[in-house]
2 protein chains.
Amino acid sequence: MVDAITRSGLLGHEVLAAVLQVRCGSLQVLLWQRARAPQAGRWALPGGRLGEHEDVEASIRRQLAVKVDVRQLAHVEQLAVFSAPDRVPGPRVLATAFLGLVPSDVDPEVPEDTAWHAVDALPPAAFDHGAIVLRARDRLRAKLSYTNVGFALAPPEFTVSALRELYSAALGYRVSATNLQRVLARRGLLEPTGDTAPPGPSGGRPAALFRFTRRDMLVTDPFAVLRPPGGRDQR
Amino acid sequence: MVDAITRSGLLGHEVLAAVLQVRCGSLQVLLWQRARAPQAGRWALPGGRLGEHEDVEASIRRQLAVKVDVRQLAHVEQLAVFSAPDRVPGPRVLATAFLGLVPSDVDPEVPEDTAWHAVDALPPAAFDHGAIVLRARDRLRAKLSYTNVGFALAPPEFTVSALRELYSAALGYRVSATNLQRVLARRGLLEPTGDTAPPGPSGGRPAALFRFTRRDMLVTDPFAVLRPPGGRDQR
DNA sequence: GCAAAAGTGTTGTGCCTACACCCATGG
DNA sequence: CCATGGGTGTAGGCACAACACTTTTGC
């Protein structure tokens with residue numbers, strides 16, 4: 001029977017997501033610990049089988065909502081299909097991997113076996129899930145530069161220093177608040193709310209609050225080079 | 001029986017490729033015309049069912065070699081999974097879509113029903129294949145700017161003007177030979193072979209021949225902005 | 001007044017485009 | 001020697017990083 005199915009060319013298909021969030025000053029990913037073989041004890045990405053009447057993105061959104069209570073995904077995007085014939089033991093299963101981003105102000109109520117882990121200090125990962133997390137991290141880092149994905153890491157309103165912390169954690173290096181503000185302002189991505197945040201206990205000037213002008217993904221720096229000639233408003 | 005399979009969670013999976021090449025001064029894609037229903041007469045991407053013991057990239061390479069004689073792919077990369085439940089009539093089939101690039105000096109012997117079409121004047125496309133072609137085109141255009149993918153469109157040796165034609169066709173706008181050469185040279189992607197190409201019948205200075213220093217994909221302009229501080233050799 | 005934090009002004013640099021100019025060949 | 005196409009020199013602009021400086025608060 002298994003052979004009949006294999007020969008029929010039909011395959012299992014699962015969807016998996018590397019859900020990233022900046023928590024406690026570091027970029028973290030949501031993983032659950034496998035209780036049973038295979039790979040008991042190892043940490044895996046949330047996800048599951050693709051349902052009959054949904055496409056892959058709908059599926060991963062549904063499963064994240066149901067299984068780990070993640071409903072506040074500010075951004076979801078496909079990473080790649082992982083298809084090595086032996087990527088999981090037993091009957092073959094392909095996986096469509098996603099990057100999911102959660103704003104830093106929400107804290108989903110995750111199940112017992114589920115926890116956040118810093119992407120730069122991953123615990124032993126199940127199957128090919130470690131590679132998926134790294135792909136997700138690299139994709140996020142790249143897109144922080146040439147798109148407005150930052151909105152998906154940030155709360156609705158924030159100070160520039162708070163945003164700086166988010167970018168620094170995600171990129172893995174110190175970002176200057178001054179220049180961050182200027183880059184985003186130059187691109188028209190930031191707008192002041194008019195309010196200010198109260199200063200800390202040690203004083204200091206109150207910080208202005210900002211929000212992103214758009215909360216959908218947008219490529220803001222389309223071509224690094226080889227721009228079209230006479231590049232007036234063509235970008 | 002069909003229902004039993006459906007409920008089992010098993011799915012058909014195919015691989016499809018938008019094979020792009022610059023031909024006659026325009027960016028073209030390889031398509032075959034469907035003879036039979038569904039969608040008879042419409043043009044489809046080459047590809048087919050994923051085999052048992054191969055991953056998706058091996059599969060698309062194999063199928064392109066066997067079915068349309070494309071063996072000279074200088075670059076292959078995944079685009080995305082297309083998974084709308086009704087993307088094809090009948091039992092559900094997911095598709096992993098690829099971008100494939102063929103250097104302009106090769107001309108595969110394609111079958112009778114297969115032909116090259118300008119990506120900017122596509123004939124009626126089958127299923128969701130039109131969208132896949134556009135994704136492939138956009139991906140190529142983006143990567144021409146910040147990677148060295150140009151090598152995959154170019155023959156082993158070429159003049160700067162020939163390369164300019166290729167970039168212009170792929171990008172859809174006139175690229176300056178002067179600046180193209182400088183950008184690629186600055187990045188260390190181009191090296192002179194030492195030879196020159198004979199001038200045309202109307203004379204002119206003989207053009208120096210160049211080759212790409214590497215023929216594997218390489219990101220040459222990693223972050224457009226938000227560079228790490230003290231950006232000496234960190235890129 | 002002083003420390004702390006936010007925000008602005010300014011300078012310098014490197015990458016890129018555009019364009020002028022020089023070079024090598026065929027007729 | 002002139003037309004044709006290839007290659008180089010140079011000037012200007014823009015985006016960015018870095019850092020000095022000003023502003024606004026708490027104590």
Side-chain angles (χ1 to χ4, degrees), chain A residues 144-146 157-165 167-168 171 173-210 219-235, chain B residues 144-146 157-165 167-168 171 173-210 219-235:
Chain A
L144 280 173
S145 242
Y146 68 91
E157 301 191 352
F158 48 83
T159 65
V160 172
S161 354
L163 193 64
R164 187 257 291 261
E165 303 297 335
Y167 272 77
S168 298
L171 289 171
Y173 54 79
R174 204 94 190 128
V175 170
S176 139
T178 300
N179 295 332
L180 178 62
Q181 180 175 13
R182 287 220 247 257
V183 167
L184 298 181
R186 190 168 29 234
R187 296 180 174 177
L189 301 180
L190 240 41
E191 79 192 354
T193 67
D195 292 335
T196 57
S202 60
R205 173 172 173 176
L209 287 171
F210 292 84
V219 173
T220 57
D221 197 8
F223 1 72
V225 290
L226 299 174
R227 296 178 182 79
R232 227 156 311 286
D233 46 355
Q234 310 207 25
R235 45 188 315 183
Chain B
L144 280 174
S145 242
Y146 68 91
E157 302 191 353
F158 46 83
T159 65
V160 172
S161 359
L163 193 63
R164 186 258 292 264
E165 303 297 335
Y167 272 78
S168 299
L171 289 170
Y173 55 78
R174 203 93 190 129
V175 170
S176 139
T178 301
N179 296 332
L180 178 62
Q181 179 175 14
R182 287 222 245 257
V183 167
L184 298 181
R186 188 165 34 232
R187 296 181 173 179
L189 302 181
L190 239 43
E191 77 190 359
T193 67
D195 293 334
T196 57
S202 60
R205 174 173 170 176
L209 287 172
F210 292 85
V219 174
T220 56
D221 198 7
F223 358 76
V225 289
L226 299 175
R227 296 177 182 80
R232 227 157 309 288
D233 45 355
Q234 309 207 25
R235 40 192 317 182

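- With rounding to whole Å, A:Phe210 atom CZ is found 12 Å from C:dT8 atom C1'.
- If you measure from atom CZ of A:Phe158 to atom C1' of C:dA6, you get 15 Å, rounded to the nearest angstrom.
- Rounded to whole Å, the distance from CD on A:Gln181 to C1' on C:dA5 is 14 Å.
- B:Ala177 comes within 4.0 angstrom of nothing in the nucleic acid, heavy atoms only.
- B:Ser161 comes within contact range of the sugar-phosphate backbone alone, with a heavy-atom separation under 4.0 Å but no base atom that close.
- The distance from atom CG of B:Leu209 to atom P of D:dG6 is 12 Å, rounded to the nearest whole Å.
- Of the two residues contacting DNA chain D, namely B:Ala208 and A:Gly203, the nearest-nucleotide position lying further toward the 5' end is that of B:Ala208.
- Summary of the strand contacts: A:Ala207 and B:Asn179 both lie near DNA chain C, and taking for each the nucleotide with the nearest heavy atom, the more 5' one is attributed to A:Ala207.
- A:Thr159 places no side-chain N or O within 3.5 Å of a backbone atom of A:Leu209 that could act as its donor or acceptor partner.
- Note: CG (B:Asp195) to P (C:dA24) measures 17 Å, nearest angstrom.
- At the heavy-atom level, B:Pro201 lies under 4.0 Å from the strands shown only through sugar-phosphate atoms.
- Of the possible donor and acceptor atoms, one in the side chain of A:Thr220 sits under 3.5 Å from a partner among the backbone N and O of A:Tyr146.
- A:Arg164 places its CZ atom 14 Å from the C1' atom of D:dA18, with the value rounded to the nearest Å.
- Where A:Leu180 and B:Thr178 meet DNA chain D, the nucleotide closest to each residue was compared, and B:Thr178 sits on the side nearer the 5' end.
- Taking atom CZ of residue B:Arg205 and atom P of nucleotide C:dC23, one finds them 9 Å apart after rounding to whole Å.
- Nearest nucleotide to the B:Val183 side chain, out of C:dC16, C:dG7, C:dC23: C:dC16.
- As rounded to whole Å, 14 Å separates atom C1' of D:dG6 from atom CD of B:Glu165.
- At C:dC16, one or more side-chain N or O atoms of B:Arg187 fall inside 4.0 Å of OP1 or OP2 (strictly under the cut-off).
- When each of A:Gly200 and B:Pro206 is assigned the nucleotide of DNA chain C bearing its nearest heavy atom, the one mapping closer to the 5' terminus is A:Gly200.
- Applying the salt bridge (Lys or Arg N to Asp or Glu O under 4.0 Å) test to pairs two or more places apart or on separate chains, none has a residue in residues 176-185 of chain A.
- Picking from C:dA4, D:dG5, D:dG7 the nucleotide with the shortest atom distance to the side chain of A:Ser202 gives C:dA4.
- Side-chain nitrogen and oxygen atoms of B:Arg186 include at least one within less than 4.0 Å of the OP1 or OP2 phosphate oxygen of C:dC16.
- When side chains are defined from C-beta on, B:Gln181 does not count as touching B:Leu163, because their heavy atoms never get closer than 4.5 Å.
- The CD atom of B:Glu191 sits 10.0 Å away from atom CZ of B:Phe210, with the distance rounded to the nearest 0.5 Å.
- Here A:Arg182 does not reach the OP1 or OP2 of C:dT10: none of its side-chain N or O atoms lies under 4.0 Å away.
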